[in-house]
Amino acid sequence: MGPGVSGNAQNDAVPDSLVVVSNREPYSHEQDDDGEIQVQSAAGGLTSALDPVMQSRGGTWVAWGSGDADMAVADEGIVEVPPSDPAYDLKRVPLSDAAVQGYYYGYANQVLWPLCHEDTGRIWAEPAYWEQYRAVNEQFAEAVDTVADAGQPVWFQDYHLALAPRLVRERRPDATLLQFWHIPWPAPSVFRHCPHSGALLDGLLACDIIGFHTAGYAEQFLHCVDSAFPAATVDTDSGTVTRAGDTTRVIANPLGIDVGGVRDRARATDVASIRDTVLGGSRSDTSIRLALGVERLDYSKGIPERIEALAHLWDRRPDLRGDFTYVQKASRTREGIAAYRRYRADVVDAIERVNDRFGTDDWQPIVYTEANLDNETLAGLYRAAEVAVVTPHRDGMNLVAHEYPVACTDGDGALVLSELAGAATHLDGALTVNPHDIEAIADAIERALELDAAETSDRLSRLQHGVEALDSSQWVARQFSAGQSL
């Protein structure tokens, strides 16, 4: 089997105890304005997929202690979680301000992030960034060495920790090491832009298994290895790399969502109330349909092109003015990086221009919100929207594209999806577009709004089937079962 989805994964492939290593922690401790310490649970696909497994299997999760009260409540950096019913250990790695700036805001997000999203013009590789990235990966490796028991597999997560597997391998030659790369992997011609490409590949190849969301990413990784290390044996059919006597298996193992959880939350919501909450009472007229976008304010997400496409649509179809409102739910991110602050300003300015141009006394074309919506409210917003627009320039997977069709429990809803998102590889039924083609995005939104009931039902059913096949409960099992064939 090549680097496709690993077949027939069995839950018994998951070890009884493991070590997970990630940048973000599943639980943090924060001090509120009254000096009380509050526990916060992280949102996102990684925590929702791995936290239940860790609670049932046990072990240790190693992560950056980013909460301002994290280390105060920990014993030698370790705290038992979840706080309500402790089931595993959380080992927190403290990082200095300089380390955060260089490793996280610097190398991870100004070198690796634009590199993997094939936006090389944004790469900024200050020497200090690489130095801090190496130093922090060393910190994580040391933390793993202090908590991992003999025989415990160690599973690294994402692009923040590309060097750590090699550093752990040097300490533990016989350990079982795995990595999952949650963002895209670039083509070899793009990867060569990275000044430390060889070191990154060497770090990753210390793993026994490396997982990616799609077969395309896995194949591009194999091609990069083949280009960088002529002495290695790269078998693209089996998805294996043999180098210096060691073998690494490279697989496609798409991470989905907790399907049952999203569906249950959507069914339990009061859609009318959520419309009022998000849009405000004066803008929540139920006769006005909703289109929706949900994402972080990241330049890879394609929001300005989407806003321009909406303007293009309302310009050529005046009859659609007042017919639907587009809701942009956005989350601020990485504001320590100037490019992200500028991107947010550009998005807000573009929305204001469209609202000024097309808005009326009783209709606002675009409603923009940065409100922190809980999972229940977000599921209800999905359910309320007739169309979801997910048009990133590039995306490892994009779990909004999975959550939206599952939340459409009333049997209607259409998804406009970038063909360059990993989700487009796995989900059938979306209206796919080139995320840079403004006219095509406008056409797809227009078509989504005008699908007849039969086609809407057929497309939604296919989307839901595709999402259910990738339920996150099987992601961990697929990753570990891949090692059984080595």
Side-chain angles (χ1 to χ4, degrees), residues 1 3-27 41-63 81-82 87-91 144 147-149 151-161 164-165 168 175-183 204 207-215 217-218 239 248-262 396-397 399 402-403 422-423 426 466-486:
M1 181 181 296
V5 176
S6 196
N8 297 320
Q10 300 294 322
N11 282 320
D12 58 11
V14 182
D16 289 335
S17 178
L18 68 151
V19 176
V20 168
V21 194
S22 68
N23 175 68
R24 181 176 295 183
E25 59 185 339
Y27 300 92
S41 178
L46 177 63
T47 297
S48 65
L50 281 176
D51 185 52
V53 174
M54 293 297 287
Q55 289 191 43
S56 65
R57 301 284 175 154
T60 303
W61 192 319
V62 180
V81 293
Y88 65 94
D89 289 341
L90 173 58
K91 168 68 174 177
V144 169
V147 300
D149 295 330
Q152 264 190 318
V154 180
W155 193 6
F156 300 93
Q157 304 294 326
D158 223 358
Y159 62 103
H160 312 89
L161 300 166
V168 171
T176 298
L177 306 181
L178 307 91
Q179 179 107 10
F180 192 87
W181 197 265
H182 290 261
I183 62 176
L204 292 169
C207 291
D208 299 285
I209 303 167
I210 305 173
F212 296 91
H213 284 300
T214 74
Y217 303 154
T248 299
R249 180 145 191 230
V250 180
I251 67 168
N253 180 20
L255 171 59
I257 62 169
D258 173 10
V259 173
V262 173
M397 175 56 78
L399 296 185
H402 288 235
E403 293 168 346
H426 302 292
V467 173
E468 288 165 2
L470 299 179
D471 189 288
S472 61
S473 63
Q474 290 300 309
W475 176 66
V476 178
R478 286 196 301 264
Q479 186 84 9
F480 281 93
S481 68
Q484 296 176 345
S485 60
L486 281 173

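Ile209 is listed as a side-chain neighbour of Gln479, based on a closest heavy-atom distance under 4.5 Å. Using a 4.5 Å heavy-atom threshold, the side chains of Thr248 and Asp208 count as separate. Taking the side chain as every heavy atom from C-beta outward, Asp51 and Tyr88 approach each other to under 4.5 Å. Side-chain contact check for His402 versus Met397: some heavy-atom pair is nearer than 4.5 Å. Inter-residue side-chain proximity for Val20 and Leu18 is flagged as met; some heavy-atom pair is nearer than 4.5 Å. Using a 4.5 Å heavy-atom cutoff, the side chains of Leu177 and Phe156 are in contact. Counting heavy atoms from C-beta outward, Arg57 and Ser17 have side chains that stay 4.5 Å or more apart. Within the 4.5 Å cutoff, no side-chain heavy atoms of Val147 are placed close to those of Asp89.
For Thr60, there are no side-chain hydrogen bond (donor to acceptor under 3.5 Å, both in side chains) partners, not counting sequence neighbours. Residues passing the side-chain hydrogen bond (donor to acceptor under 3.5 Å, both in side chains) test with Ser56: none are found, sequence neighbours excluded. Partners of Tyr27 under the ring-ring contact (aromatic ring centres under 6.0 Å, His included) rule, at least two apart in sequence or in another chain, do not exist in this structure. With sequence neighbours left out, the salt bridge (charged side-chain N to carboxylate O under 4.0 Å, His left out) criterion links Asp149 to no other residue. By the side-chain hydrogen bond (donor to acceptor under 3.5 Å, both in side chains) test, Asp258 is found to be paired with no residue, residues two or more places apart in sequence or in another chain being considered. Scored by the side-chain hydrogen bond (donor to acceptor under 3.5 Å, both in side chains) test, Glu403 finds Tyr382 as partners (sequence neighbours excluded). For Ala87, the side-chain contact (heavy atoms from CB on, under 4.5 Å) partners two or more places apart in sequence, or in a different chain, are Gln55, Pro82. Under the side-chain contact (heavy atoms from CB on, under 4.5 Å) criterion, Ser48 pairs with no residue, sequence neighbours left out. Among residues two or more places apart in sequence or in another chain, the ring-ring contact (aromatic ring centres under 6.0 Å, His included) test is passed with Trp155 by Trp475, Phe480.
Judged purely by atom type and a 3.5 angstrom limit, Ser481 uses its side chain to pair as donor or acceptor with the backbone of Arg478. One N or O on the side chain of Asp471 and one on the backbone of Val259 form a donor-acceptor pair closer than 3.5 Å. No donor-acceptor pair under 3.5 Å is formed between the side chain of Asp158 and the backbone N or O of His160.
Residue Val62 is tested with Leu161, Val154, Val19, Leu90 for a side-chain contact (heavy atoms from CB on, under 4.5 Å); the sole match is Val19.
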Evaluate His182 against Leu255 for side-chain contact (heavy atoms from CB on, under 4.5 Å), listing each step before the verdict. CA-CA 8 Å; His182 290 261; Leu255 171 59; 3.9 Å; yes

Would you sort out whether Asn23 and Tyr159 count as a side chain to side chain donor-acceptor pair (under 3.5 Å), showing the intermediate values? CA-CA 9 Å; Asn23 175 68; Tyr159 62 103; over 6 Å; no

Determine, step by step, whether Val467 and His426 satisfy the side-chain contact (heavy atoms from CB on, under 4.5 Å) criterion, reporting the C-alpha distance in whole Å, the side-chain angles of both residues, the deciding distance to 0.1 Å, and the verdict. CA-CA 8 Å; Val467 173; His426 302 292; over 6 Å; no

For Met54 and Val81, what are the C-alpha separation, side-chain angles and deciding distance, and is it a side-chain contact (heavy atoms from CB on, under 4.5 Å)? CA-CA 10 Å; Met54 293 297 287; Val81 293; over 6 Å; no

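Between Val476 and Ala49, the shortest heavy-atom contact is CG2-O, 4.3 Å. For the residue pair Phe212 and Ile210, the shortest heavy atom distance occurs at CE1-CG2, 3.6 Å. Ser22 and Trp61 make their closest contact through OG-NE1, 2.8 Å (heavy atoms, listed as atom of the first residue, atom of the second, distance). Nearest approach of Gly256 to Leu399, heavy atoms of both residues: O-CD2, 3.8 Å. The shortest non-hydrogen separation linking Pro254 to Leu470 is CG-CD2, 3.5 Å.
Applying the salt bridge (charged side-chain N to carboxylate O under 4.0 Å, His left out) rule to pairs touching residues 17-27 yields Glu25-Arg92, sequence neighbours excluded.
Atom-to-atom distance recorded for Arg249:CZ and Leu178:CG is 12.0 Å, nearest 0.5 angstrom.
Ring pair His213/Phe180: centre-to-centre distance below 6.0 Å.
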